[in-house]
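Both ligands and their constituent atoms are indexed starting at 1 by order of listing.
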Amino acid sequence: MLLEIYDEIDELKKREDATILAHYYQDGEIQDIADLTGDSLKLARAATQVDTKTIVFCGVHFMAETAKILNPEKRVLLPDMLAGCSLADSCPAPKLAQYQAKLCEQGVDFETVTYINSTAAVKALSDWIVTSGNAEEIIRRVPEDKEILFVPDRHLGSYLQDVVGRKMILWDGSCQVHEVFSVMDLFSMQRRYPAGITIAHPECPTNIREKSQFVGGTEAMLNYVSSFEQATDFLVATEANMLWQLQKKYPLHHYHPVPGVTCACNKCPHMARNTLDKLKHCLETGSPEITWQPHFEQAQKVLQKSLLN
Ligand code: CIZ
């Protein structure tokens, strides 16, 4: 059954001249059939190098939208148009515009640094876009005499404040997956695996980050794990499908999801909307498709300056 649908998708991919990009938070069976897997920085950059007419983006809406913005001439398909993001939802563009106007009235001289987990309309209101992979580097590019308004993830923002040593005005958003890790669950995992190494995503709350030996985005996690030559237990505080990618690339080690076997709430319900059936269906029908919107033009300028330069 799985082999059959893989063959059908392969055939459709040829027929439609398509490339499949998949985020590390997609189910393993989707990552397995993708031409390329990655975090949002790697995938956004890869999308600009694709030589097929169509990109099928297996990820959430803002990721496919970013691929379209960076490649207006390509057809970009998203298997499920409702694959959203709690972080993007936490920062609606009109609310951000209102807050920016208030800061201006108060005489605050600031630049807006926006996490890529945001809508195109929010990106269009921003000075910079960051991903978990390039945030430190971009924040260091903001002139020292400017305040920074960081949106929408308060946990990533607070992590970056510590790392870069720069106070920022933080928007009050968070990721529903990373927000739910509890430090008590982590402690019990650490008791179960006393020699284990805890690796956490910077979208996790401070109390989880403080109890972790390594904090970094998914690409940084892969890089970190690659430096261990002896079999090691890793306790992983991020979306649970990341374990599939870790296991595939570095099978020597053992990976344990935080909070562990008793709870599946560390799976992103939005990413889970994409399935192999929907992937096949979007190739068959050419829909749902991300279509160009007027505000993409401004978002494109900010994305290009932030991710491609
Ligand atoms: O930047 C991304 O792709 C996300 C959402 C997480 C990560 O660290 O890769």
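Contacts between Glu219 and ligand 1, counted as non-hydrogen atom pairs separated by less than 4.0 Å, are absent for every part of the residue.
Considering backbone and side-chain atoms together, Ser40 places an N or O closer than 3.5 Å to an N or O of ligand 1. Ligand 1 has no N or O atom lying under 3.5 Å from any N or O atom of Glu203, backbone or side chain.
The residue from Asn274, Asn241, Thr238 that alone fulfils the side chain to side chain donor-acceptor pair (under 3.5 Å) condition with Tyr25 is Thr238.
Residue contact check: Gly217 has heavy atoms under 4.0 Å from atoms 8 (O) of ligand 1. Ligand 1 places these atoms under 4.0 Å from at least one heavy atom of Asp39: 3 (O), 9 (O).
The heavy atom nearest to atom 6 (C) of ligand 1, considering only Met242, His201, Met271, is found in His201.
One finds a salt bridge joining Lys13 and Asp35 here, because a Lys/Arg side-chain nitrogen approaches an Asp/Glu carboxylate oxygen to under 4.0 Å. Between Glu179 and Arg154 there is a salt bridge, with a side-chain nitrogen of the basic residue lying less than 4.0 Å from a carboxylate oxygen of the acidic one.
His23 NE2, 3.6 Å is the protein heavy atom nearest to atom 4 (C) of ligand 1. Distance from atom 9 (O) of ligand 1 to its nearest protein heavy atom, with residue and atom name: Thr218 OG1, 2.3 Å.
At a threshold of 4.5 Å between side-chain heavy atoms, the hydrophobic network of Ile, Leu, Val, Met, Phe, Trp and Tyr places Val177 and Met271 in two separate groups.
Residue contacts with ligand 1: Tyr25 is included, with a non-hydrogen atom under 4.0 Å away.
A ring-centre distance under 6.0 Å is found for Phe234 and Phe228.
For Lys146, the side chain to side chain donor-acceptor pair (under 3.5 Å) partners two or more places apart in sequence, or in a different chain, are Asp109. Glu8 meets the side chain to side chain donor-acceptor pair (under 3.5 Å) test with Lys280; sequence neighbours excluded.
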